[in-house]
Enquirer: 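If you scroll down you'll find the structure; I have some questions about it.
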Amino acid sequence: MMSSTSLFTTPPPPHTTTNRLPPPNKLAVIISNSKSIGQLLKIHAALYRQNLHNDPLLNFHLLRAYSFLNRLNYSITLFNQTHNKNIFLYTAIIHCHAQHNYYEQALLYYSHMLTDNIEPNAFSFSSVLKSCPLKPGRALHSQTIKFDLDKDLYVRTSLVDVYARGGDVSSAKKLFETMPQRSLVSLTTMMTCYAKHGELVAARVLFDEMEQKDVVCWNVMIDGYVQQGLPNEALVLFRRMLAEKVRPNEVTLVAVLSACGQIGALETGRWVHSYIENTGIKINVQVATSLIDMYSKCGSLEDSRLVFDRVNDKDVIAWNSMIVGYAMHGFSKDALRLFNEMCRVGLKPTDVTFIGILNACAHAGLVDEGWGFFNSMREEYAIVPKVEHYGCMVDILSRAGKLEEAYELVTNMEIEPDLVVWGSLLGACRLHGNAQLGEKIAEYLVSQKLANSGTYILLSNIFAAKGDWNAVARVRTLMKENGVQKEPGCSSIEVNNKVHEFLAGDLRHPNSKEIYMMLEEINGWLKVQNYIPGRT
DNA sequence: ATAGGGTTAG
């Protein structure tokens with residue numbers, strides 16, 4: 001960066017000013033508390049004028065402050081211009097790079113430090129291990145043993161984290177269990193490891209054993225349930241957290257709102273929203289996005305939009321949530337209008353944006369526009385379409401009855417089509433009564449062992465729609481032979497803060513008699529309105 | 001004199 005180089009290489013001006021600066025220890029505090037780059041540069045300039053620009057302590061703080069204000073280039077320049085770098089400066093530059101996820105640079109500075117004959121300490125290791133992937137992490141692990149630092153609480157915690165992030169759960173566990181001492185953070189690290197790998201029970205055991213719990217470990221446990229699709233457990237834990245007077249933060253709320261969205265718990269979601277407003281927790285862009293997503297998943301787009309309009313610094317994810325929300329509910333025009341607006345304010349769409357607008361095109365039957373957006377992904381935005389985007393295109397073409405074109409697209413994809421793509425095409429075959437193509441696809445899926453119960457059901461429905469009952473029977477036999485069982489359909493609804501779950505054919509609900517009577521009544525209304533099941 | 005570890009949105 002030109003500006004950074006010239007800034008540091010310009011010789012200090014002659015001492016014309018006699019402005020007194022605070023003593024170095026005060027200056028260090030001022031530097032590390034700098035809130036803007038302009039302020040920091042002013043201080044740095046003053047240091048030049050006072051000939052204090054070679055002070056190791058102040059340069060250490062300057063280096064960290066520049067990185068903190070996202071000016072890593074200034075940190076690097078400062079580092080390079082310092083002679084006789086000490087371990088503090090090395091550790092600081094390693095830490096800055098690790099913080100910005102430049103783990104390769106961090107490792108490079110680590111090895112420079114060794115060739116510079118500076119022996120790493122525990123601080124160096126905990127810095128370089130942050131954001132380090134598994135392979136170099138293993139090498140660093142042996143280095144920690146070599147320097148006899150592998151039992152240090154901080155170093156060991158970082159090592160557990162490295163193995164955890166790298167997916168080597170058993171190594172993480174071994175290192176954790178042989179730790180000379182545990183801490184709240186090391187326990188949370190291990191809990192995170194278990195939660196991320198679906199071992200919720202193991203995570204919960206640690207959680208329940210913890211003597212003191214802070215907001216972070218509550219968050220890990222709650223979000224663990226959310227990520228594993230156990231929103232009810234997450235909400236139960238959230239209520240316990242409130243009962244135990246632990247104050248939730250933004251991270252907690254993001255997880256809890258996601259749980260509400262998963263079960264469609266609108267009332268609980270609204271309660272969380274008012275809790276946020278009443279307790280004065282800051283609605284940052286992440287929380288706002290979670291609110292938008294929650295309201296949209298719970299079917300209240302009006303509330304989504306109210307939140308959306310009140311967010312000041314909307315990022316692309318916030319826009320995506322609103323666009324996807326409109327698209328999901330069939331408000332195609334609103335989705336596309338919002339997309340144009342987003343581009344106008346200068347935000348670059350992401351792959352998720354395109355899932356939204358392609359979905360909007362599918363709902364509105366916009367085939368040409370769909371192709372246009374699909375092609376623009378690559379051509380204008382350099383986004384490689386994922387299997388989901390192909391799925392949307394298949395949906396667009398299928399709904400328009402262009403089954404052969406859709407089939408053509410799927411067979412020519414440069415990535416493997418998944419069952420969702422095929423399923424969407426199979427569904428279209430049923431809808432448009434194309435048994436021939438449907439059979440071809442199903443045969444292929446069965447032969448490739450890709451078929452699930454849905455594949456068989458769709459195929460069977462295709463034949464049933466044609467009245468080919470022999471073929472239906474053949475499919476049923478095939479299902480039995482391959483041991484395929486139909487998984488019952490499932491849905492849930494929240495009434496008076498209680499979530500009720502329903503399985504197809506389930507009679508266990510205390511009010512199941514009334515529920516089925518109501519269903520009969522609705523079916524009657526539909527019949528009167530000439531609704532034909534299976535036609536969407 | 002100076003520093004380090006764990007949790008966020010589709």
Side-chain angles (χ1 to χ4, degrees), chain A residues 23-29 31-32 55-64 86-96 98-99 120-131 149 152-162 164-165 176 179 182-193 195-196 203 206 210 213-224 226-227 248-258 261 284-294 296-297 311 314-325 327-328 350-356 359 388:
Chain A
N25 55 347
K26 284 252 173 68
L27 272 173
V29 174
I31 290 168
S32 36
D55 185 290
L57 174 69
L58 295 181
N59 279 354
F60 167 82
H61 284 285
L62 279 168
L63 191 152
R64 285 160 46 99
N86 61 17
I87 187 158
F88 291 99
L89 210 67
Y90 267 111
T91 304
I93 198 78
I94 291 170
H95 188 239
C96 295
Q99 234 20 116
N121 60 18
F123 293 94
S124 332
F125 280 116
S126 63
S127 296
V128 71
L129 287 168
K130 193 186 184 65
S131 82
L149 290 167
D152 174 273
L153 177 60
Y154 283 70
V155 174
R156 183 60 78 91
T157 306
S158 304
L159 284 169
V160 171
D161 186 47
V162 165
R165 275 187 288 103
F176 172 74
M179 275 181 93
R182 288 181 179 186
S183 68
L184 174 61
V185 177
S186 73
L187 276 156
T188 311
T189 307
M190 198 60 223
M191 264 180 60
T192 310
C193 173
K196 285 263 143 64
L206 288 183
M210 288 168 88
K213 301 185 179 82
D214 66 356
V215 63
V216 177
C217 72
W218 282 95
N219 290 350
V220 169
M221 201 63 233
I222 291 172
D223 190 55
V226 173
Q227 298 300 329
N249 64 12
E250 289 83 357
V251 180
T252 326
L253 297 164
V254 165
V256 168
L257 288 168
S258 169
N284 61 17
V285 68
Q286 286 104 318
V287 173
T289 304
S290 302
L291 280 168
I292 293 166
D293 184 52
M294 179 277 294
S296 138
K297 290 210 170 100
V311 195
K314 286 191 265 286
D315 61 3
V316 66
I317 302 174
W319 284 87
N320 283 352
S321 302
M322 198 64 235
I323 291 172
V324 169
M328 236 172 32
T350 67
D351 56 329
V352 178
T353 321
F354 281 100
I355 290 177
N359 234 316
E388 293 92 331

Enquirer: Base, backbone or nothing for each nucleotide of nucleotides 5-10 of chain B, written B, S, -, heavy atoms under 4.0 angstrom, 5' to 3'?
Expert: BBBBBB
Enquirer: Given atom CD1 of A/Ile87 and atom P of B/dA1, what is their separation to the nearest angstrom?
Expert: 16 Å
Enquirer: If you go through the side-chain atoms of A/Asp152, does one of them form a donor-acceptor pair with the base of B/dG4 closer than 3.5 Å?
Expert: yes
Enquirer: Select one nucleotide: of B/dA1, B/dG4, B/dT2, the one nearest the side-chain heavy atoms of A/His61.
Expert: B/dT2
Enquirer: Rounded off to whole Å, could you give me the CD1-to-P distance for the A/Ile31 and B/dA1 pair?
Expert: 18 Å
Enquirer: Would you indicate what A/Ala92 reaches in the nucleic acid, counting non-hydrogen atoms under 4.0 angstrom: base, sugar-phosphate, or nothing?
Expert: nothing
Enquirer: For A/Leu149, which residues count as a side-chain contact (heavy atoms from CB on, under 4.5 Å) partner, sequence neighbours excluded?
Expert: A/Ala122, A/Phe125, A/Phe147
Enquirer: Holding to side-chain contact (heavy atoms from CB on, under 4.5 Å), I want the full list of residues that pass it with A/Ser186, two or more places apart in sequence or in another chain.
Expert: A/Thr157, A/Phe176, A/Met179, A/Arg182, A/Ser183
Enquirer: Mind calculating the distance between CG (A/Leu58) and P (B/dA3) to the nearest angstrom?
Expert: 13 Å
Enquirer: What is the distance, to the nearest angstrom, from the CD1 atom on A/Ile93 to the C1' atom on B/dT2?
Expert: 15 Å
Enquirer: Output yes when A/Arg156 and A/Asp152 qualify as a salt bridge under the 4.0 Å nitrogen-oxygen rule, no when they do not.
Expert: no
Enquirer: Can you name the residues that form a side-chain contact (heavy atoms from CB on, under 4.5 Å) with A/Ser296, not counting sequence neighbours?
Expert: A/Leu301, A/Ser304, A/Met328, A/His329
Enquirer: Counting any heavy atom closer than 4.0 Å, what does A/Arg156 reach on the DNA or RNA strands: base, sugar-phosphate only, or nothing?
Expert: nothing
Enquirer: I'd like to check the side-chain contact (heavy atoms from CB on, under 4.5 Å) partners of A/Cys193; sequence neighbours left out, ordered by chain and number.
Expert: A/Ala164, A/Val169, A/Ala172, A/Met190, A/His197
Enquirer: Is A/Phe88 stacked on the base of B/dT2 when the test is centres under 5.5 angstrom and planes under 30 degrees?
Expert: yes
Enquirer: I'd like to check the ring pair (Phe, Tyr, Trp, His ring centres under 6.0 Å) partners of A/Tyr90; sequence neighbours left out, ordered by chain and number.
Expert: A/Phe79
